Amino acid sequence: MKGELQAKDQVSQNSVSARLLAWYTTQARILPWRVLPGERLRGVRPVPYRVWLSEIMLQQTTVPVVIAYYKAFLEKWPNLSALASATEEEVLQAWSGLGYYTRARNLLKAAGCLQEKYQALFPEEPEQLQKLPGIGPYTAAAIAAIAFDKAVPVVDGNIARIVSRLFCITTPFPAAHKIAVQRMGELTPEEAPGDFVQAMMDLGAALCTPQKPKCPLCPLQEICLAFQNASPSRGPEFFPQKKRPPAKPQRSGILFLAERSDGAVLLRKRPPQGILASMIELPGTEWVPEEASLSGNLDEAEEIPTLLMQVPLQGVWKEITTPTRPLRHIFTHFRLSLRIWHGQFSELTPAPSGHWWCPQEALEKEALPSVMRKALTYRQLA
Ligand code: SF4
């Protein structure tokens with residue numbers, strides 16, 4: 001209780017926001033969707049469509065990766081109405097490689113919903129924003145704060161880390177998330193809350209990093225309890241405390257990489273439901289739990305004939321991965337290992353039903369998820 005009082009006393013709203021906003025005035029990152037403090041002073045206001053687009057792209061993806069996609073999206077669909085009239089195929093194509101494709105589908109659904117129900121304007125309150133597809137509590141709060149200057153608590157991974165260090169929160173995450181939201185609510189000022197939130201994000205990216213935080217350069221070092229009370233075993237890096245997540249289950253499958261002599265590759269579309277819904281893929285077997293996989297149940301003599309019954313085209317196939325070195329990919333809820341079989345075909349080979357030959361130069365434009373792009377790099381082993 002004593003420590004709690006001391007923490008609240010020392011890390012107050014005024015002490016944090018004044019220091020942080022002064023730092024942000026000179027250190028803010030230049031980002032294509034951002035209105036800088038100096039521009040704000042000149043009356044420039046953030047465009048909600050751009051803030052929303054960037055926040056959806058930044059879920060699960062880093063800033064450097066998002067910048068190129070964001071610029072390409074904006075060039076194609078400069079405003080909400082333009083995006084609302086795009087097809088799902090076009091949006092998935094533009095999203096290809098960014099991962100977590102439900103975000104792209106929800107983006108389009110939300111654009112349609114905003115166009116129809118809100119006359120292409122964004123609601124300003126987090127509660128209303130949260131009713132739109134793909135917008136959870138964090139994204140709603142971030143849009144409300146950044147686009148509309150609402151003093152609402154915004155807590156992403158970076159901000160949770162800073163707050164847990166400022167207040168020395170010993171409760172492990174995710175249980176500590178509620179505490180972090182409460183503390184962030186106490187810290188967020190009524191004046192310039194959008195800049196404050198973005199300053200916290202920048203501090204987390206530049207100085208209060210997960211490892212080796214640069215405390216001597218930090219504008220909050222005088223009031224940060226983790227820095228002030230640091231001991232060899234309990235410095236800033238001790239926070240945030242995290243509960244170890246359970247191990248991800250393992251799935252496996254086989255991909256058939258069919259290539260024509262002119263370099264075209266055989267593709268098909270995934271079903272409209274389930275993981276990577278409606279994305280484009282190489283044909284292959286189902287992705288099943290490891291213990292139920294072909295290679296888990298069969299010895300090699302049995303495996304090959306069983307496998308050849310599933311190939312999309314009859315021909316000569318050979319494995320280009322090895323059982324111990326498959327293609328590995330990590331999804332949110334499971335780890336995937338894929339063995340890849342390669343088949344070479346003549347230019348005249350017709351594509352089987354539900355498949356098509358994609359010319360080499362058109363592969364870039366297909367809505368191929370990262371795991372399939374990775375699989376295509378294995379062609380060099382054929
Ligand atoms: Fe983070 Fe160090 Fe700054 Fe504290 S002093 S907020 S630990 S960078």
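Counting from 1, the numbers follow the sequence of the chain as shown. Below, all heavy atoms of this structure are taken into account, side chains as well, without hydrogens, waters or symmetry copies. None of the values given here were measured: they were computed from a predicted structure. As the structure lists them, so they are numbered: ligands from 1, and atoms in each ligand from 1.
Side-chain contact, Arg161 with Thr209: no donor N or O sits under 3.5 Å from an acceptor N or O. When only modelled atom types and interatomic distance are considered, Gln250 and Ser252 share no side-chain donor-acceptor pair under 3.5 Å.
Not counting sequence neighbours, the partners of Phe122 by the ring pair (Phe, Tyr, Trp, His ring centres under 6.0 Å) test are Trp52.
Here atom 1 (Fe) of ligand 1 has protein N, O or S atoms under 2.8 Å from it, and they come to 1.
In this structure, Arg270 is positioned above the aromatic face of Trp287, its NZ or CZ under 6.0 Å from the six-membered ring centre and within 45° of the axis. At least one cation-pi condition fails for Arg260 and Phe345: the charged atom is not both under 6.0 angstrom from the six-membered ring centre and inside a 45 degree cone around its axis.
No more than 12 heavy atoms of other residues, nucleotides or ligands sit less than 6.0 Å from atom NZ of Lys117.
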